[in-house]
Each structure stands twice: as C-alpha cells, then as structure tokens.
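Right, one structure below, let's go through it.
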Number of protein chains: 2
Amino acid sequence: MLDILGRTHDHLSANDIFVALHPSYPHLGLTTVYRTLDLLANLDLVIRFDFGDGRSRFELAEKVKGDRHHHHLICTGCRKIIDYRDFHDKEMELIEATQKKLARRYRFKISNHLMQFFGLCEQCAKRK
Amino acid sequence: MLDILGRTHDHLSANDIFVALHPSYPHLGLTTVYRTLDLLANLDLVIRFDFGDGRSRFELAEKVKGDRHHHHLICTGCRKIIDYRDFHDKEMELIEATQKKLARRYRFKISNHLMQFFGLCEQCAKRK
DNA sequence: ATATTAATGATAACGATAATCAATATCGAT
DNA sequence: ATCGATATTGATTATCGTTATCATTAATAT
Ligand SMILES: [Mn+2]
Ligand SMILES: [Mn+2]
Ligand SMILES: [Zn+2]
Ligand SMILES: [Zn+2]
C-alpha cells in the first residue's frame with residue numbers, strides 16, 4: 001500500500017488502492033484497505049484529503065516520500081488536481097509564523113495545515 | 001435560510017438548518033433544504049465547508065454577512081472549530097500574491113481558497 | 001379560466017464508510 | 001510440534017449523508 005502510494009502522483013481513493021492492489025493480492029478485502037488506511041493516517045504515514053468529490057483521497061506523507069511540501073490547486077469543473085511546490089518565497093515561513101501565532105493565542109497544538117485554491121482550469125474556463 | 005445562517009456563528013449542517021427552520025416552516029422538506037443550499041452555494045451566497053466529520057457545513061458568504069475574511073482552526077479531538085480573523089499582517093496579501101502567481105503559471109481562474117489548521121485544543125491536548 | 005411550466009417534498013435509491021462476526025492466521029508456552 | 005489464547009482478515013450487513021424520482025402542488029402566461 002505504501003508502495004502503491006509511493007509510485008504514483010495521483011490522489012487515490014480507498015477503492016483506487018483496492019483495485020491497484022487486486023492483481024497482486026486477489027484475496028485482499030476492501031475492508032482491510034479502509035482499516036489499514038485509517039491506521040496509516042493515524043501514524044501520519046499517509047495523509048487523508050478531501051477534494052470535495054465525496055470520497056477520501058490519500059497521499060503518502062511527504063517525509064515518507066522524501067518529497068517537498070506542496071499545496072493543491074483544484075479545478076471545480078473537471079476535478080483535476082494540481083500539486084504545486086513552487087511557493088511564493090514567503091509562503092512557507094508565513095504559514096509557520098501563523099501557525100505559531102495561532103498556537104499561542106488559542107492554546108492549540110497544531111499538527112498540520114491544509115491550503116487549497118479552487119477555480120477553473122484553462123479548458124473548463126473556456127468551455128463555460 | 002440566509003437569515004438562520006446570518007444569525008449564528010456556528011457552522012451548520014443541512015440537517016441543522018432543517019431543524020432550525022422546522023418550527024417556522026413545519027412542512028418544509030429536507031430535500032428542499034439540500035436543493036436550496038446547492039443553489040445558494042452556486043451563487044456564492046453561502047460557502048460549503050468540509051471539516052472532516054462526514055457532512056457538509058455551511059456559512060453565509062462573508063460579503064453577504066458583511067464580515068471580515070476568516071480561516072479555520074479545527075480540533076481533531078473534539079471537532080471544535082475556531083474562526084480566526086486576526087491574521088498575521090501579511091497573511092492576506094500573501095494569499096493574494098500566491099493566487100495571482102498560480103493563476104498565471106497554471107492558467108487557472110481562481111475563485112476562492114481554503115486554509116485550515118488542524119490540531120488539538122487545550123482540553124484535548126491535556127486529555128491525551 | 002385553462003394550459004404550461006416550475007417548485008416542492010415524500011419516498012426510494014445510491015455510495016462511501018463503518019460495524020459485525022465467523023473464519024483464519026499468528027504467537028507463546030509447553 | 002501441539003495446543004490454547006489472541007489478533008487479523010474479509011464477506012456481509014448496517015449506517016447515514018446526499019441525490020434521484022416522481023406525483024402533487026403552486027406560479028405564470030395566454
Ligand atoms: Mn497532492
Ligand atoms: Mn467559519
Ligand atoms: Zn478543469
Ligand atoms: Zn478539542
């Protein structure tokens with residue numbers, strides 16, 4: 001499962017993973033996929049995302065993948081998702097500053113953040 | 001419906017709204033609540049949020065409410081949600097700069113963004 | 001007033017996820 | 001290796017938010 005998630009750049013659903021695993025593990029049940037995904041998410045080895053299409057999407061955690069942090073750009077027309085890593089220089093440090101400030105002000109122990117931009121990709125914008 | 005959403009600071013689910021409306025509109029159906037919510041969301045009069053509890057949550061759009069823009073701080077322990085408006089000075093301008101940059105680079109027509117921080121509130125952090 | 005069209009809501013269907021539980025695998029001690 | 005205890009698995013069922021259907025009712029136009 002970590003392997004599957006490690007090889008792709010896609011954002012797979014539980015069922016996607018089930019299907020991807022099926023050839024190699026024909027007896028694996030969907031229940032176990034859900035269970036394991038929960039487990040891995042609690043261990044912060046995978047991240048669960050919601051992009052608004054009614055199912056959870058999973059990504060291997062950046063530290064596991066050895067990947068740089070990224071945020072998401074989501075087309076509300078065709079549901080295409082773009083990972084972007086080329087942050088504005090100040091983006092990361094600002095997020096950290098904000099995080100620190102919020103932690104202090106609201107006495108929150110912040111573990112992660114989510115930042116996504118919604119809009120229309122070029123094709124969807126044209127088509128409209 | 002806009003009225004209900006305008007009076008509260010909570011993040012109501014479709015059913016919450018249905019229940020809130022029931023005394024005044026006893027014959028109103030849940031279907032119509034869903035339908036109208038969809039409608040209002042498409043008109044950008046209300047915003048649909050997902051805080052990870054399996055149901056959509058709604059807020060009156062800031063421009064309708066005459067409210068300042070805010071982001072969310074979410075306790076993953078007790079699901080408490082804090083609206084925060086006291087941004088780091090540069091937070092908003094950074095988001096706008098990022099938005100502009102992304103729009104250009106990926107030819108996206110960005111309509112809105114979502115930024116949330118997840119963590120544990122003071123009580124939940126203690127209890128753990 | 002009457003015909004046409006749009007809005008409503010009760011009900012059923014859907015789909016993702018969670019709960020159940022019997023079957024199977026794993027482990028520890030002998 | 002053998003036996004019993006414990007943990008893991010997956011087929012099946014249940015749950016629950018949301019959506020689709022469709023007959024009924026309300027608006028609107030002629
Ligand atoms: Mn991604
Ligand atoms: Mn809010
Ligand atoms: Zn698109
Ligand atoms: Zn809490």
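First the proteins, then the strands, lettered A, B, ... as listed; each starts at 1.
- A donor-acceptor pair under 3.5 Å is absent between the side-chain atoms of B:Thr32 and the main chain of B:Leu28, judged by distance alone.
- Considering only side-chain N and O atoms, B:Thr31 lies nowhere under 4.0 angstrom from the phosphate OP1 or OP2 of C:dT8.
- We find that OH of A:Tyr25 is positioned 16 Å from C1' of D:dG10, with the value rounded to whole Å.
- When the C1' atom of C:dT8 is taken as reference, atom NE2 of B:His22 falls 15 Å away, rounded to whole Å.
- The separation between A:Leu39 atom CG and C:dA18 atom P is 13 Å, rounded to whole Å.
- Listed pair B:Tyr34 / D:dT19 fails the phosphate criterion, with no side-chain N or O lying under 4.0 Å from OP1 or OP2.
- Between the P atom of C:dT8 and the CG atom of B:Asp38 lies a distance of 14 Å, rounded to the nearest Å.
- Of the candidates B:His11, B:His9, B:Arg68, B:His11 is the only one forming a side chain to side chain donor-acceptor pair (under 3.5 Å) with B:Asp83.
- For B:Thr32, a side-chain nitrogen or oxygen approaches OP1 or OP2 of C:dG9 to under 4.0 Å.
- The distance from atom CZ of A:Arg35 to atom C1' of D:dT12 is 13 Å, rounded to the nearest whole Å.
- Atom CG of A:Leu21 is separated from atom C1' of D:dT9 by 14 Å (rounded to the nearest Å).
- Here the nucleotide nearest the side chain of B:Arg55, chosen from D:dT9, C:dG9, D:dG17, is D:dG17.
- For B:His113 and B:His69, the distance between ring centers is under 6.0 angstrom.
- Contact between the side-chain N/O atoms of A:Ser56 and the OP1/OP2 oxygens of C:dT17 is found at a separation under 4.0 Å.
- Atoms CG (B:Leu37) and P (C:dA7) sit 17 Å apart, rounded to a whole Å.
- Rounded to whole Å, atom P of D:dT18 lies 8 Å from atom CZ of B:Arg48.
- Atom CG of B:Asp53 is separated from atom CZ of B:Arg79 by 5.5 Å, given to the nearest 0.5 angstrom.
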